[in-house]
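Just below is one structure, and these are the notes that go with it.
Owing to the predicted nature of the structure, the values given are computational and were not obtained by experimental measurement. No hydrogens, no waters, no symmetry mates; every other heavy atom, side chains included, goes into these values.
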Amino acid sequence: MKKIYFLCTGNSCRSQIADGLAKAILASDEWEVKSAGIEAHGINPRAVKIMSEIGIDISQNKSEIIDIDYLNESDLVITLCGDALDNCPVIPKTVEHQHWGLEDPAKATGTEEEIMNMFRETRNEIKNRIEKLVI
């Protein structure tokens with residue numbers, strides 16, 4: 001079974017969205033999906049809400065810090081922000097690494113609808129990139 005690891009700063013938004021989408025899109029006996037952060041900030045309620053809009057429940061996910069053993073055993077590590085890229089423990093050369101560098105929707109400003117739209121844009125971008133992993 002292949003292991004994929006999504007890493008972000010606080011494991012609250014982008015990596016949680018990626019975790020939920022990858023589990024839905026890559027759902028098979030071929031992939032084990034996990035996410036983590038440099039720190040654990042808890043799950044962002046807006047991330048939970050925009051995922052529920054597409055029928056994916058991440059409300060019971062846990063915000064976790066990077067597990068070095070899982071990192072070292074992964075087949076693919078995807079960093080979703082510059083902070084994770086810069087501060088992640090060394091990724092072994094045997095592990096494929098991709099950096100997606102997405103803006104943090106939790107830092108969006110404006111009306112609630114504008115903020116939610118930023119979360120949706122992030123979700124849709126992550127979804128498109130995960131779908132390309134299986135092509």
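- Remark: Q98 CD to K132 NZ distance equals 11.0 Å, nearest 0.5 Å.
- For the pair F119 and N44, the minimum side-chain heavy-atom distance is below 4.5 Å.
- Counted within 6.0 Å of CD on E112, heavy atoms from surrounding residues, nucleotides or ligands total more than 12; the atom is thus considered enclosed.
- Taking D69 as the reference, D67, E73 meet the side-chain contact (heavy atoms from CB on, under 4.5 Å) condition, with sequence neighbours excluded.
- Linking ILVMFWY residues whenever their side-chain heavy atoms come closer than 4.5 Å, directly or via other members, places I126 and F6 in the same cluster.
- Scanning all heavy atoms of the two residues, the minimum distance from I56 to A24 falls at CD1-CB, 3.7 Å.
- For the residue pair V33 and D19, the shortest heavy atom distance occurs at CG1-O, 3.9 Å.
- Between A18 and L80, the shortest heavy-atom distance links the atoms CB-CD1, 4.1 Å.
- Taking the charged nitrogens against the carboxylate oxygens, K49 and E53 have no contact shorter than 4.0 Å, which rules out a salt bridge.
- Side-chain contact between I115 and T109 is absent, with no heavy atoms from C-beta onward closer than 4.5 Å.
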query: Passes side chain to side chain contact (heavy atoms under 4.5 Å, CB included), R123 versus I54? Steps please.
result: CA-CA 10 Å; R123 175 196 65 204; I54 61 169; 3.6 Å; yes
Pair N61-V48, side chain to side chain contact (heavy atoms under 4.5 Å, CB included): steps then yes or no: CA-CA 9 Å; N61 285 18; V48 173; over 6 Å; no
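- Minimum heavy-atom separation, S63 to G42: OG-N, 3.1 Å.
- Under a cutoff of 6.0 Å and an axis angle of 45°, K34 and Y5 do not form a cation-pi pair.
- Side-chain contact between I4 and E32 is absent, with no heavy-atom pair separated by less than 4.5 Å.
- For the atom pair CE (M116) and CD (E121), the distance works out to 12.0 Å, reported to the nearest 0.5 Å.
- A donor atom on one side chain and an acceptor atom on the other are not found under 3.5 Å apart for E64 and N11.
- A salt bridge does not link R14 with E103: none of the charged nitrogens is closer than 4.0 Å to a carboxylate oxygen.
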message: Assess the residue pair Y70 and K3 against the criterion (side chain to side chain contact (heavy atoms under 4.5 Å, CB included)); give the C-alpha distance rounded to whole Å, side-chain angles, the decisive distance to 0.1 Å, and a yes or no.
response: CA-CA 8 Å; Y70 193 84; K3 294 182 178 184; 3.4 Å; yes
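- Residue S15 holds its OG atom at 7.5 Å from CG of L7, rounded to the nearest 0.5 Å.
- Put simply, the side chain of M51 does not reach to within 4.5 Å of the side chain of D57, judged on heavy atoms.
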message: salt bridge (charged side-chain N to carboxylate O under 4.0 Å, His left out) for K2 and E96? Distances and angles first, verdict last.
response: CA-CA 11 Å; K2 294 180 184 178; E96 181 184 349; over 6 Å; no
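- Annotation: side chain of I25 is not in contact with side chain of W31 (no heavy-atom distance under 4.5 Å).
- Using a 4.5 Å heavy-atom threshold, the side chains of I38 and I66 count as touching.
- I50 has its side chain out of reach of T122: every pair of non-hydrogen atoms, C-beta onward, lies at least 4.5 Å apart.
- Between I43 and S12 the shortest side-chain heavy-atom distance does not fall below 4.5 Å.
- The same ILVMFWY cluster, assembled from side-chain heavy atoms under 4.5 Å apart, contains both L71 and V95.
- Closest of all the heavy-atom pairs between C81 and C8 is SG-SG, 3.6 Å.
- Follow the hydrophobic side-chain contacts under 4.5 Å out from W100 and you never reach I91; the two are in separate clusters.
- In this structure a side-chain-to-backbone donor-acceptor pair under 3.5 Å is present from E114 to T111.
- Rounding to the nearest 0.5 Å gives a distance of 11.0 Å between CG of D75 and CE of M1.
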task: Begin with the C-alpha distance, continue with both residues' side-chain angles, and end with the deciding distance and a verdict on side chain to side chain contact (heavy atoms under 4.5 Å, CB included) for L133 and I78.
output: CA-CA 11 Å; L133 291 176; I78 298 174; 4.0 Å; yes
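- Under a 3.5 Å cut-off, the side chain of N72 and the backbone N or O of I68 do form a donor-acceptor pair.
- Here the closest heavy-atom approach between residue G20 and residue I58 is recorded as CA-CG2, 3.9 Å.
- No hydrogens or angles considered: a donor-acceptor pair under 3.5 Å links the side chains of H99 and T79.
- We find the CZ-CZ distance between R46 and R120 to be 11.0 Å, quoted to the nearest 0.5 Å.
- Annotation: I65, atom CD1; neighbour count of heavy atoms from other residues, nucleotides and ligands within 6.0 Å does not exceed 12.
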